[in-house]
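First up is the structure itself, then whatever we jot down about it.
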2 protein chains.
Amino acid sequence: MGLIVQKYGGTSVGNPERIKRVANRIVKRKRAGNQVVAVVSAMGDTTDELIELVNQITDNPSRREYDMLISTGEQVSVSLLAMAIHELGEDVISLTGSQVGIITDDIHSKAKILEIKPDRLERELAGGKIVIVAGFQGVTINNEITTLGRGGSDTTAVAVATALKADLCEIFTDVDGVYTTDPRMVEEARKLPEISYEEMLELASLGANVLHPRSVEIAKEYNVKLAVKSSFACSPGTIIKEVEELEKNIVVSGVACNKSEVKLSLVGVPDHPGIASKVFTRLAQESINVDMIIQNVNYDGVNDITFTTDEDDFKQTKKVLEEMKDELNYRELLCDTEVAKVSIVGAGMVTNPGVAAKMFEALAEEGINIGMISTSEIKVSCLIARDKAEKAVRAIHSKFELDKLGIDND
Amino acid sequence: MGLIVQKYGGTSVGNPERIKRVANRIVKRKRAGNQVVAVVSAMGDTTDELIELVNQITDNPSRREYDMLISTGEQVSVSLLAMAIHELGEDVISLTGSQVGIITDDIHSKAKILEIKPDRLERELAGGKIVIVAGFQGVTINNEITTLGRGGSDTTAVAVATALKADLCEIFTDVDGVYTTDPRMVEEARKLPEISYEEMLELASLGANVLHPRSVEIAKEYNVKLAVKSSFACSPGTIIKEVEELEKNIVVSGVACNKSEVKLSLVGVPDHPGIASKVFTRLAQESINVDMIIQNVNYDGVNDITFTTDEDDFKQTKKVLEEMKDELNYRELLCDTEVAKVSIVGAGMVTNPGVAAKMFEALAEEGINIGMISTSEIKVSCLIARDKAEKAVRAIHSKFELDKLGIDND
């Protein structure tokens with residue numbers, strides 16, 4: 001008994017048959033005595049089909065119009081799901097981001113949720129209805145439609161769970177939990193029964209495509225208990241909660257791999273104070289997220305500044321840096337789009353020295369060169385050549401004996 | 001120079017190529033010094049594709065959810081059209097019914113526009129923007145999405161033209177004007193250069209699928225000058241205006257045919273006062289539109305009540321009448337779904353006696369039986385067997401020599 005927020009991804013509602021299956025699952029939860037809110041993504045290929053239409057019209061769509069267009073995908077899936085639930089005899093209502101009152105900032109296609117008004121949701125729940133919410137979308141205070149960017153529906157679900165003080169937020173996806181690494185890459189990958197917000201956050205940021213980092217961030221901030229489950233199987237999935245509540249802290253619980261970063265280097269930048277600040281402030285103004293950063297000061301008084309960013313932002317990042325050439329007075333701009341970031345994550349790492357060294361050793365044994373290194377208390381990341389990524393993940397996974405973790409891979 | 005509202009139907013924006021063509025047409029109008037608002041329907045087959053999805057989920061979709069779903073079609077077409085116009089270098093914004101402030105009643109799938117708030121439209125026009133408005137849709141005062149039903153985009157266009165006091169409302173469609181009859185049925189059909197609101201209203205109601213009657217009604221009420229034009233050709237089309245402004249009143253200007261009506265007869269209803277009122281009040285409460293009505297009082301004190309309605313409403317009409325069997329105490333309910341209504345329309349008819357007789361003669365000459373007759377000042381309609389409809393239209397068109405009207409069929 002409780003208030004449960006569920007989230008179903010695009011694959012889970014990919015066709016009418018699957019929509020009916022999801023409807024059944026929701027109704028079962030409701031009939032077990034729970035209040036249920038389901039956040040839903042666009043049906044499977046809808047978004048790609050819409051983008052294909054855009055490509056036939058313009059190479060450079062207005063972001064505002066793009067959001068207008070793309071947000072229709074969820075409106076389709078929520079109304080169909082509501083019809084399917086209605087067909088099962090339950091009271092139900094679907095709501096767009098605008099109708100819920102999911103207020104975002106005005107950064108189109110990458111909007112951040114500022115506030116979710118609970119009134120409408122609470123009213124519908126109090127009326128005994130199942131509520132279906134369009135994921136991935138919101139509105140600005142001026143009623144302009146926005147989308148949240150990649151993984152936005154996860155964020156919607158967690159934010160809705162937060163706004164409603166839900167007892168549990170279940171994320172249904174096409175994988176049945178969080179694994180020690182991508183099972184499509186490494187057969188020996190094991191499913192983790194539980195993991196801390198912090199570890200999940202690092203894994204998410206590092207490209208383990210299970211949950212969007214923003215959604216984990218919000219869950220952590222408001223202490224919303226998350227469950228990642230398969231929409232197709234009935235296995236228990238992975239629970240994500242506070243580190244203190246974990247049964248045990250594993251030293252290294254996962255190996256992640258991100259092949260969508262690119263590396264940019266400003267070579268020969270005169271060593272004046274404030275140069276790095278200028279670069280990264282400007283990039284932030286353009287809403288470009290920077291990941292790893294290295295700055296080398298050379299003996300001849302010039303700097304090399306190297307950083308990575310998502311490949312979606314590559315073109316614009318390059319353009320911005322080229323515009324700043326005179327201002328920064330750098331000698332050369334080098335770009336490498338053939339990089340990958342492999343990382344190990346584990347809440348127990350901080351109390352176990354030598355973890356990073358062991359990872360470097362695994363890479364060295366395979367003859368893989370490390371381009372950049374970055375570390376945090378629960379994470380070590382290395383930038384390597386993209387074509388070596390899978391080999392690296394396998395080697396590290398095996399080095400830390402993750403395939404031998406005493407965890408059932410049901 | 002002026003404020004022009006245009007409306008483009010689903011065929012006109014059926015694919016990205018056509019959307020670009022429409023974008024060009026709009027931009028040309030704008031660059032000629034006009035303010036332009038374009039009301040747009042869903043792309044060609046979008047609505048059918050969405051309905052196909054519904055059919056796979058339920059036979060009886062909630063009307064509220066149906067509107068949620070179907071309204072996405074226009075949101076797709078307006079955003080794509082805005083992108084195409086933006087690509088041509090013009091300032092543009094697309095708006096949903098909700099964003100414009102198109103307020104309707106809450107009869108889902110058949111909503112009526114109560115009010116269009118001009119503020120947002122005026123603000124965008126004042127800012128120099130072309131405004132693209134999603135046709136066919138609105139919102140209730142509670143922000144529930146509604147659709148206007150068949151031909152709804154025409155109504156949106158005329159209502160927007162009214163709200164903005166536009167100088168002209170151009171309806172672009174897949175025909176290039178209003179014809180003396182359906183050119184697909186009768187090759188000799190001629191295009192009318194102008195026609196009165198009243199005649200158009202009768203033609204529209206009678207199934208000449210050029211303009212929705214509701215849109216002509218509003219145009220007449222607020223004296224909005226309408227032009228019906230082809231989106232593919234550049235011919236002048238047909239102007240619709242007040243009867244006093246017409247160059248000449250033609251006795252019979254058109255022959256219309258409606259094959260989507262069905263006939264229902266309540267046979268043997270006891271002749272008490274208020275019986276007809278009971279029937280039609282109840283049908284009105286169910287939002288069922290009734291067209292022709294005949295009541296015969298027999299000598300034995302019982303009535304036969306016969307009427308026609310749209311075949312979309314047939315199932316529900318039948319259900320309502322069956323529910324009322326005890327209350328009305330009728331003997332039998334007869335239904336005929338194989339009927340058609342052919343009609344002649346002309347503003348000059350009222351001053352020319354014998355017009356109806358000439359029509360009946362044409363039908364008699366072809367051996368076509370007349371089931372029901374209804375007349376107005378500018379119209380005569382006959383209900384006949386559906387499989388005789390084309391033959392009837394041809395005969396009447398020829399009898400009134402409409403193929404010899406001195407009107408250019410450019």
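In the text below, chain A, chain B and the rest are named by the order of the sequence lines, each starting its count at 1. Everything numeric in this text was worked out from a predicted model, so none of it was measured.
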Distance col, row A/I57:CD1 vs B/M83:CE, nearest 0.5 angstrom, shows 7.5 Å
Expected contact set for residues 20-37 of chain A against chain B at heavy-atom separation under 4.5 Å reads A/K20
Applying a strict 4.5 Å limit to non-hydrogen atoms, the region of B/I19 in contact with chain A is side chain
Ordered numerically, the heavy-atom neighbours of chain A under 4.5 Å found in residues 60-69 of chain B are B/P61, B/S62, B/R64, B/E65, B/Y66, B/M68, B/L69
Residues 91-119 of chain B vs chain A, non-hydrogen distance cutoff under 4.5 Å, contacting residues -> B/V92, B/I93, B/S94, B/L95, B/T96, B/S98, B/Q99
Taking a cut-off of under 4.5 angstrom between non-hydrogen atoms, the residues of residues 43-51 of chain A near chain B are A/M43, A/L50
Taken to the nearest 0.5 Å, the spacing of A/L80 CG from B/T58 OG1 works out to 10.5 Å
Whatever's closer than 4.5 Å to a heavy atom in chain A on B/E17 counts as neither
If one checks every heavy atom of B/Q75 against chain A at 4.5 Å, the contacting part turns out to be both
For B/N142 and A/R120 the tightest heavy-atom approach is O-NH1, 4.2 Å
Honestly, the part of B/I132 sitting under 4.5 Å from a heavy atom of chain A is neither
